[in-house]
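Got a structure here, written out as structure tokens. Questions coming.
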Amino acid sequence: MDSNQKQAASGKPPAANSKKRKEAPSAATGNNKNQNQNQQQGKDSRPPSSRPQKRVKFQDARNIRSQPSDAALDSDGKLDLQKFLNAREFEIKALETSMRKCKAANATRVFQQVPREMRRRTASHNAKRVPKRLRDRAKREMLEDNTPTVESRKRKPRTTRARIRAENAKRLERLAAKKRKRALEKDKAGEGETKDAPGKTTIRTRAPRPKIRRDTLNEPPKIKSKFKKRQINKTWLPTHLWHAKRATMTEPTKPLWRFAIPMTPTQKCYRPTHRASGQKGTMFWDTSYMSTARVYGTAGGIEQVLKALGLAQESLWGNRGRKWRAGTRTWSGMVSRQQGSSRRDVGPATILWNPTPTDKTSAPESSTAEPKKIQRQVLIRTHPACFLELFEELVRLAKLQTPQIHVEDLRFEIGSIELTGPGSTETLLAVLQPYHTDERHGQVFSSLVGVTNPASLPKDAVLGFSVKDPRLSYPPKRVDTASKVSDLALLETLTQWPVEEQVKPYALFDRDVRFKASNLPPQKSINRRKGANIPGREIQVTAADPPIPVIVFASRPATGGQAQGTWTLLAPWKCILPIWYSIVHYPLSTGGNPRLGGLNEQRQIAFEQGTAWFPGDFLGTNAGVVWEMEQRAQRKAAWDRRPKGKRIEWASLDLGAGRKGEIGDGLACDFEHLFGLSKDPSSSSPSSSDSAGDESMTLNDDPNAMDVDQSREEATAASTKSGKDKDTLPSLATVQQMKKTEFNALISSKDSDSSRPPPRSIIPVNITFVTRGVANACARIYRLPSRPPSPSATTVPPSSTEAEVPATDPVAAGKVGSLPADLRDQWLQKLPSSNSSSKASKVSHAAPHIPPNVDLSTRKQLMAKSLLSGNPLPYPKPSSVGINGGDHPLCPGEEDLIGFVTAGAYSLSEGKGTAVGAISAEKALDTLKEFGAKEGRLCVVRNAGESVGWLGRWEVI
Amino acid sequence: MVRLKDRYLLVNIVYTDLPPGQKGPVPDLLLYNQPTIGELKPQTILRGIRSQVNALFGDCGSGPVERSLQVKYLSTATSTFILRISRAHYRLVWAALTFMDRLPVKDGRPCIFRVVRVSGTIRKVEEEAIRRAKLLVLAAKDEMAGKAPSDALNTLFRGGKDAARNLVLVNDDHEDAEMDEGEVSDG
């Protein structure tokens with residue numbers, strides 16, 4: 001306390017203030033005041049309105065009873081142990097009752113009690129929004145709180161549009177009434193006639209089978225006229241109506257890849273997503289936007305096409321790829337196409353052969369001439385962002401084959417659902433019940449009870465079978481894990497994977513089967529059957545219930561390890577919705593239901609597993625370039641929206657050592673700057689500037705290019721022009737992506753001259769921060785600067801004291817404008833292994849720790865010693881982060897810039913910052929060759945617009 | 001939405017002298033934890049604190065304290081009360097309580113006001129009061145059974161915590177001298 005305050009205390013006697021007011025008339029107990037208030041209020045509110053009543057209730061609940069002081073004294077006013085005891089016991093009881101009462105009379109309304117995902121804004125105004133058991137209380141509370149309620153029927157239309165709508169509705173109502181009346185009259189008049197013609201039969205026509213043309217794009221499914229206007233420039237997923245209520249969709253005018261795709265659930269879900277995808281629960285997505293194409297023709301022709309798509313590995317076509325070619329495994333990877341002299345990646349694809357019946361395949365395979373002629377089919381599933389490019393390439397390649405093979409676009413024919421997480425297998429098992437009990441694949445699938453990770457299945461395993469309509473067994477029952485066959489049997493299934501014998505062609509490839517499955521009985525008839533059924537018993541399958549052909553395959557994350565795999569379920573487009581409803585409501589054995597995910601969650605999971613996500617992290621593909629361009633535009637728009645004082649001024653960024661301004665564009669992964677490309681596409685090809693401008697426009701909003709309404713002539717014209725496509729793309733599209741295998745081969749090769757990576761090639765990397773730091777998208781990646789050739793810098797060993805010295809003299813650095821010579825050593829000192837020495841030096845500053853259990857005199861001595869021993873701790877503590885004067889090393893120079901981060905955040909699975917990015921293959925190779933595999937992988941990552949970089953380590957993915 | 005942030009102070013009144021009219025030796029337990037006279041009302045406590053705050057901190061201190069100070073619970077039988085005060089100013093009240101050396105009534109007996117717990121919710125304060133009352137009950141039962149005289153001061157000041165642990169705690173406190181502004185418990 002201050003001396004001033006003490007003076008004040010002494011100057012004014014404490015009793016002075018108590019004269020201000022006369023003492024209140026004393027009552028017997030301390031809590032009388034409250035009781036008086038209560039009584040008063042009771043009198044005041046003669047017509048007992050609810051508000052004061054409520055207040056009385058709360059006051060009563062919050063009041064703690066207490067005893068007068070006499071209770072603790074015996075009859076003569078003496079201290080007594082027994083009375084003392086009683087008083088304490090009374091106090092304990094009083095406090096406990098108070099706590100209990102307070103909790104009971106809490107001020108929460110009933111709509112706040114329902115689980116968070118059920119709580120809606122409307123529930124506070126509409127009692128019907130809360131569960132039935134709480135409805136009465138909700139009504140009462142609304143009455144008590146005088147909540148304003150609105151009946152939607154009686155609400156007056158406010159906007160012009162709403163008024164017109166209301167008028168229209170009224171008119172239609174009148175019209176309908178008139179029509180009904182007329183029909184009734186007609187019925188009365190014509191009763192005699194109907195009796196006259198009893199033999200009148202109705203002709204039932206089958207629903208038209210949708211057309212699929214060869215070698216051209218498919219048309220989107222026929223839309224109900226009610227929803228037609230909303231799908232003019234996009235297609236809805238089969239589960240759109242469900243999603244639109246629960247997730248943020250893409251903007252109506254800006255669809256993604258010509259689909260309305262859920263971006264993220266409306267609920268907050270970052271951490272739950274992490275948990276559900278890795279530890280407990282399930283995440284699931286409607287990935288019906290993923291595109292599928294079917295290629296059919298002779299086996300030899302298909303092989304040629306696939307090889308031309310970059311599936312040239314020996315392992316695929318030799319003995320090791322036998323299972324894949326038989327159709328019991330999938331192949332997933334990047335497909336590429338020839339572009340001039342080099343190959344360019346198109347995008348990731350999953351390729352699956354349709355098996356031929358066993359009796360045919362068992363004999364040949366070894367004989368050469370015969371199998372080449374067999375008619376085979378291949379399903380290619382790819383991302384919509386690269387589908388058009390792949391499809392055109394497929395059509396072009398297919399036409400080259402003799403006999404010609406054909407391509408079918410199955411985009412709106414086959415939908416898909418993806419699931420990941422420990423409960424995913426369980427969920428699928430509950431929902432997918434094999435239709436035929438004798439199907440081998442169905443049996444194997446049913447025996448997977450107890451699998452908690454799809455990645456534990458054989459790599460790329462596929463199962464194709466038919467399932468019952470899941471609505472027949474809705475709601476889905478929990479899978480009985482107790483009654484499963486022993487773990488040994490499961491283990492044997494997983495290792496043997498007995499799917500090769502009696503393999504049949506997958507029914508999903510068959511157009512007629514798909515069509516039949518699309519005509520599921522309506523929900524009304526299911527409900528009727530359910531009503532007629534004995535309660536609790538499943539509805540029996542009848543002839544009216546067609547089998548639904550499905551293909552499920554498990555895939556492992558690219559990084560391998562313990563990460564969760566993913567189930568992909570392919571089913572006819574129209575069957576996705578019933579399957580979806582069952583998955584949503586499956587009660588997981590670990591509690592809860594599967595969690596909904598959007599596109600952002602997919603990216604989050606890929607990021608947490610340390611893998612690249614298509615298209616965002618694949619800058620070497622056209623789809624990735626388009627994505628990056630869109631992101632740039634979005635970032636620019638967000639930046640433009642901010643007021644001038646609150647946005648980063650790129651030009652005035654101080655990087656230390658006299659460097660001013662951000663390198664390249666701060667809102668972009670600026671590979672153009674890194675490779676010295678020009679930003680303007682038209683300037684790069686001035687000869688065809690006119691057409692180039694038009695076409696680059698169409699590329700920038702790729703959805704237009706995917707336009708299915710576009711006429712066939714246009715499509716063919718586009719395909720003929722595809723040779724020119726290279727010019728129309730922004731210059732970023734000249735950047736190539738390198739494969740991990742190629743890069744590793746380059747590293748291991750000793751000959752440095754012949755094995756250079758192609759110019760302007762990048763490799764995707766996963767960066768883990770060594771100490772601290774979190775990267776954002778567009779962060780810059782530097783390699784560690786190499787030591788200058790002067791001997792002085794190299795001979796001086798990094799000593800521990802250097803850590804305390806500022807990295808640069810700010811004044812001198814500003815003048816000279818050059819980086820310190822020992823910058824590399826400064827960065828290397830930040831490695832945790834070398835940190836131990838600096839830590840030791842820090843400890844010496846601190847006061848010696850006084851061990852416990854020492855007597856007072858030694859304690860005093862130690863204290864005195866520590867006080868006298870000098871070097872006091874600096875106060876305030878010097879900040880470790882500070883470009884000027886702090887001890888953090890400066891960022892390396894622009895010549896050491898090697899790449900950019902495409903996605904970065906604090907990773908919940910790693911417990912520290914990680915990032916996914918791309919770096920220049922050439923520079924990475926140089927660094928690796930110069931400094932070895934360990935030191936060469938160190939990098940410095942600096943966020944765009946910040947001056948502090950953090951040490952990280954990159955790994956090629 | 002802005003929430004009003006409060007602090008709740010659990011205060012014990014501790015006596016060291018015998019009440020007038022009491023003769024003969026009294027166990028320590030009873031001596032320290034005497035009941036307070038019934039004249040002490042919430043208003044008198046408030047008045048006493050306010051005047052003390054005014055004396056210590058002047059108008060600047062008494063202004064905010066006057067507005068937000070409230071007695072939530074007063075039990076004269078057990079000499080315990082709970083105060084509520086806005087979070088920014090609870091230290092002023094605490095200081096005033098420390099400087100008060102007698103009951104704020106006419107001819108008040110000498111006593112000390114011990115703040116034993118500061119918390120952001122009344123619930124935690126109540127829990128602490130219950131814990132302390134239970135300790136006292138145990139001590140009193142020991143006393144009645146005529147067991148070895150319990151360490152009344154220890155029950156009072158340490159709240160029954162292990163003495164050795166307290167030593168360690170003190171050592172730890174030495175290192176991070178800055179006390180947290182949040183919950184403070186003596187011990």
Side-chain angles (χ1 to χ4, degrees), chain A residues 1 5-6 8-18 20-21 23-24 26-33 62-73 76-92 94-96 98-99 102-103 846-847 849-853 863, chain B residues 18-19 21-23 26-27 29-31 33-44 47-48 50-52 54-58 61-62 71-82 95 99-100 104 122-123 126-127 129-130 133-134 136-137 140-141 143-144 164 167-168 171 174-175:
Chain A
M1 175 180 293
Q5 285 169 341
K6 266 185 190 168
S10 58
K12 272 188 187 174
N17 259 13
S18 60
K20 256 191 199 165
R21 210 189 298 157
E23 256 185 40
S26 62
T29 57
N31 60 350
N32 249 8
K33 185 185 146 198
R62 283 175 191 159
N63 186 19
I64 311 170
R65 288 173 63 213
S66 63
Q67 282 179 309
S69 55
D70 309 336
L73 300 168
D76 337 330
K78 301 267 169 59
L79 293 174
D80 185 47
L81 209 52
Q82 184 58 48
K83 294 273 182 181
F84 171 87
L85 206 64
N86 292 348
R88 303 286 150 180
E89 272 166 358
F90 179 86
E91 187 183 46
I92 292 172
L95 287 171
E96 273 173 351
S98 146
M99 276 155 70
C102 241
K103 200 172 183 190
H849 187 73
I850 300 173
N853 310 326
M863 177 73 97
Chain B
L18 283 176
Q22 182 86 25
K23 274 171 223 114
V26 171
L29 192 67
L30 285 189
L31 180 69
N33 302 301
Q34 286 172 33
T36 309
I37 46 163
E39 284 167 40
L40 190 74
K41 295 279 171 297
Q43 293 93 327
T44 47
R47 204 174 303 130
R50 278 175 195 154
S51 66
Q52 189 67 34
N54 197 25
L56 290 174
F57 303 105
S62 65
V71 177
K72 296 302 279 187
Y73 169 68
L74 169 64
S75 158
T76 46
T78 54
S79 300
T80 310
F81 60 93
I82 297 174
F99 275 90
M100 283 162 70
I122 196 164
R123 186 180 186 82
E126 283 172 337
E127 278 169 7
I130 289 172
K134 277 180 180 164
L136 284 177
V137 165
K141 276 184 180 157
E143 192 81 39
M144 279 168 92
L167 265 181
V168 177
N171 264 348
H174 170 73
E175 279 176 16

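Each chain gets a letter, A, B and so on, in the order the sequences are listed, and its residues count up from 1.
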- How would you list, by chain and number, every residue that makes a side chain to side chain contact (heavy atoms under 4.5 Å, CB included) with M99(A), sequence neighbours excluded? R123(B), E126(B), E127(B), I130(B)
- Message: Is there a side-chain contact between P104(B) and L40(B) in this structure, where contact means two heavy atoms from C-beta onward sitting under 4.5 Å apart?
- Response: yes
- Contact origin within V137(B) toward chain A - heavy atom pairs under 4.5 Å: both
- Taking I92(A), L73(A), L79(A) one by one, which has the highest count of heavy-atom pairs under 4.5 Å against chain B? L79(A)
- Task: Please say which of R65(A), E91(A), R62(A) ends up in a side chain to side chain contact (heavy atoms under 4.5 Å, CB included) with Y73(B).
- Result: E91(A)
- R50(B) side chain reached by N54(B) side chain, heavy atoms, under 4.5 Å: no
- Query: Relative to chain A, which segment of T78(B) carries a heavy atom at a distance below 4.5 Å: side chain, backbone, both, or neither?
  - Reply: both
- Which region of D80(A), side chain (C-beta onward) or backbone (N, CA, C, O), has a non-hydrogen atom less than 4.5 Å from a non-hydrogen atom of chain B, or is it both or neither? backbone
